[in-house]
Amino acid sequence: MDRYINVVVDLPLKNVDKPFTYKLPQRLSDKVVIGDKVLVPFGNRRIEGYVVGEGKKGDFEAKEIIKVFPFGPYFSKKMLDLARWISDYYQCYLVSSLKAMVPSGKVKVKKKRVVVLAQSIKESKEIVESLKSRAPKQAKLLSYLIDNPEDRLISTKLAQKVNTTSSTVSALVNKGFLEYRNESVRRDPFAHISFKKTEAFSPTSEQKIVIKEIIEGLKGDRKPIMLKGVTGSGKTEVYLQAIDRVLRGGREAIVLVPEISLTPQTVARFKGRFGEKVGVLHSQLSSGERFDEWRRIKEGKIKVVIGARSAVFAPFNNLGLIVIDEEHESTYKQEDHPKYHAREVAVMRAKKEGALVLMGTATPSLESYHRAKDGKYKLIELTKRVKGRPLPPVEIVDMREELKEGNKLMFSRSLYRGIEQVLDKGEQAMIFLNRRGFSTFVQCRECGHVMKCINCDLSLKYHAQERGLRCHYCDYQEKVPRICPECESLYIKYFGVGTQKVEESLNEEFPTAKVARMDVDTTRRKGSYERILSKFKSGEIDILIGTQMIAKGHDFANVTLVGVVTADTSLNLPDFRAGERTFQLLTQVAGRTGRGDKLGKVIIQSYTPDHYSIQFAKDHNYDNFYEAEIAFRNATAYPPFSSMINIVISHKDEAKVIKNTNKLGEILRSKILEMDSEEIMILGPVQAPLAKVRREFRWQIILKGKDIGRLRDVNNEALIELKEIMGESDIKVSVDVDPLTML
DNA sequence: GTGGGATCGGTC
DNA sequence: ACCGATCCCACC
């Protein structure tokens with residue numbers, strides 16, 4: 001009886017996004033399971049594919065599988081279900097979702113030729129005695145191996161241990177006292193770091209309650225838990241104790257952290273508690289390292305995985321808990337296909353596998369907090385910092401007043417004084433500026449008025465080419481006004497101050513201070529990130545200037561001042577999440593100070609100091625912020641009150657792009673008209689904010705509506721129709737479901 | 001994506 | 001009628 005199996009081939013193409021049926025040759029008939037990676041004939045080529053199910057003989061002649069790759073299966077039945085959900089929800093090919101789950105690149109076990117004793121310990125000891133006088137080096141080497149039988153070293157490394165060369169080793173091998181053996185080795189990404197064993201802290205009374213609730217969640221309904229805890233309230237300790245519980249119950253845990261927090265210190269914290277059971281998965285690992293960690297998870301050697309976004313796919317079979325630290329972080333959304341959000345995938349995976357999701361943050365995303373308030377997630381809170389440390393006082397400086405008083409510096413008098421004092425006392429300051437490369441906005445320096453789109457109430461973006469203002473949601477355009485439309489002042493300013501300019505200015509104003517800058521430009525080289533941080537920690541640097549990079553997680557006891565050069569940069573981004581981002585950022589930055597025994601202080605400069613995102617950050621008051629922001633989202637029907645899909649069309653030929661995007665817009669509009677529904681809105685077509693990327697022009701259409709399923713359906717039908725009408729196969733269409741940014 | 005067969009149009 | 005370029009489409 002022939003056995004047939006269904007395989008999805010590794011070609012990201014619409015036409016082949018379905019299973020193909022292959023016959024198993026006799027020799028493999030009982031060796032193939034779902035999740036195996038196989039090599040199959042496809043057309044006149046050989047192609048890799050993944051087994052997704054049993055097949056049956058059809059009305060075509062099935063070809064035979066060529067080979068099955070080792071180390072399979074690469075995914076379980078449940079993970080296949082999850083991949084199907086991702087493909088369906090995020091509109092991507094099944095094979096793309098599957099490939100996100102499996103280790104990529106060359107899948108090989110690394111081997112090395114190690115040197116081991118050829119005789120028993122007892123015999124070897126006798127040999128040592130006999131060698132002592134005539135060949136002392138050989139004797140020394142041999143006794144080293146007797147004393148350290150666990151060492152699995154290659155010839156040169158072993159020779160180094162006793163200050164000799166590998167010829168000593170080969171002499172011993174020739175005499176039959178030692179032998180070479182090929183052993184597989186693990187590529188350990190953290191081999192060079194030592195971990196100090198740590199014990200659980202005794203929890204604060206607040207932490208105790210929270211931990212109890214989590215344990216109840218683990219045993220009970222496993223409804224996702226939102227842990228809202230102020231910065232410095234000890235969320236990590238809560239995670240550690242929850243994980244401990246899960247491990248004791250014989251299950252496994254995944255800890256997702258934002259890429260930027262995945263530092264050796266973070267890993268050390270987990271390894272310190274759980275030792276060798278901890279594994280790490282992230283994009284910086286070499287493909288070999290990633291494969292080894294992946295295999296150790298599968299083999300059950302690892303019980304806790306800590307990693308970035310993709311670690312949500314760790315191949316555990318008895319998953320009990322997924323922790324999502326800093327739940328609101330936008331790095332959890334994958335930027336390329338499949339454009340999944342790790343938080344959503346985690347919730348779905350946990351549901352399928354009976355695990356609990358625990359997401360923690362000081363500043364929940366609006367989406368998640370809304371769900372928590374709706375009862376879809378369980379909300380628990382940590383309101384106090386550990387050791388009773390207070391949250392630092394926050395001072396908001398109105399930069400309009402500074403200008404009126406004749407201060408044209410980028411530092412207010414207050415921040416200037418603050419820096420002076422810090423330098424006097426030998427303490428440290430962090431100066432934060434969130435300057436995004438291309439986005440600038442136009443603002444009146446006298447009254448703070450920002451030029452906004454009349455249709456969207458979003459800030460207009462300055463386009464240098466045409467020297468005009470433009471809304472990238474609806475394409476509304478206007479000229480840059482010569483005088484402020486609000487107060488008729490002539491002080492119209494194009495904002496675009498970057499960290500470099502701040503550095504220059506600090507050096508001018510405080511020539512004796514040691515200033516360093518940390519942003520994408522200064523940390524591009526490997527290790528430079530750690531180097532800057534360790535210099536700051538050791539006190540070699542007085543003032544650290546930086547972008548978001550310095551806002552996260554770091555714990556510097558001597559930092560007593562945090563300055564935000566302008567809170568407006570992120571606030572005036574043309575994005576409905578600008579207010580949310582600003583609040584999150586300010587809250588996080590503020591959390592960087594007052595973590596030691598000294599009191600900290602935060603100074604935020606702004607031209608729009610009355611904005612609720614800034615005002616509520618001053619009081620560290622998330623709930624008030626949430627109420628204001630959710631009202632705005634409700635009024636404007638933005639998420640969480642609607643869903644969105646961003647469709648970007650790109651091609652080298654701009655005319656082609658415009659033609660296709662316009663046509664797609666027409667098709668979408670007529671479809672929505674047919675549906676006789678007011679529910680779906682179409683924004684665009686407009687030129688994408690990143691209008692040209694790698695010589696390709698980009699235009700986009702945004703769909704917005706209550707029902708994500710309907711949005712997807714309309715989008716799908718429209719894209720099929722577009723292809724029929726235009727018949728163009730070479731234009732690129734990229735679909736982003738629940739986009740976090742429209743760029 | 002890619003090769004092969006169908007299709008179209010130009011050329012001897 | 002024959003041949004190369006282009007289109008189309010199936011690939012199990």
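Letters A, B, ... are given to chains in the order of the sequence lines, protein chains preceding strands, and every chain is numbered from 1.
Taking only side-chain atoms of A/Lys63, from C-beta outward, the nucleotide of B/dG4, C/dC11, C/dC12 with the closest atom is C/dC12.
Across the protein-nucleic acid pair, A/Lys18 atom NZ and C/dC9 atom P stand 13 Å apart, rounded to whole Å. One interatomic measurement links the two molecules: CG of A/Leu11 to P of B/dG1, which rounds to 8 Å at whole-angstrom precision. At whole-Å resolution of the value, CZ in A/Phe20 and C1' in B/dG1 are 12 Å apart. Nucleotide B/dT2 holds its P atom 13 Å from the CZ atom of A/Phe42, rounded to whole Å. C/dC11 atom P lies 9 Å from atom CZ of A/Phe60, rounded to whole Å. The distance from atom CG of A/Asp17 to atom C1' of C/dC11 is 14 Å, rounded to the nearest whole Å. If you measure from atom CD1 of A/Ile47 to atom C1' of C/dA10, you get 13 Å, rounded to the nearest angstrom. Atom CD1 in A/Ile66 sits about 14 Å away from atom C1' in C/dC11, given to the nearest Å.
Applying the salt bridge (Lys or Arg N to Asp or Glu O under 4.0 Å) test to every pair with at least one member in residues 66-89 of chain A, sequence neighbours left out, gives these pairs: A/Asp88-A/Arg712.
One can find a donor-acceptor pair under 3.5 Å joining the base of B/dG1 and the side-chain atoms of A/Arg45.
Within the nucleic acid shown, A/Asn15 comes within 4.0 Å of at least one base atom, counting heavy atoms only. Residue contacts shown for A/Pro41 are limited to sugar-phosphate atoms, with no base heavy atom under 4.0 Å away.
Ring pair A/Tyr50/A/Tyr74 is perpendicular by interplanar angle, where above 60° counts as perpendicular and below 30° as parallel. The aromatic rings of A/Tyr332 and A/His341 are tilted relative to each other, their planes meeting at an angle between 30° and 60°.
Relative to the six-membered ring of A/Tyr638, A/Lys704 meets both conditions, a distance below 6.0 Å and an angle of at most 45° to the axis.
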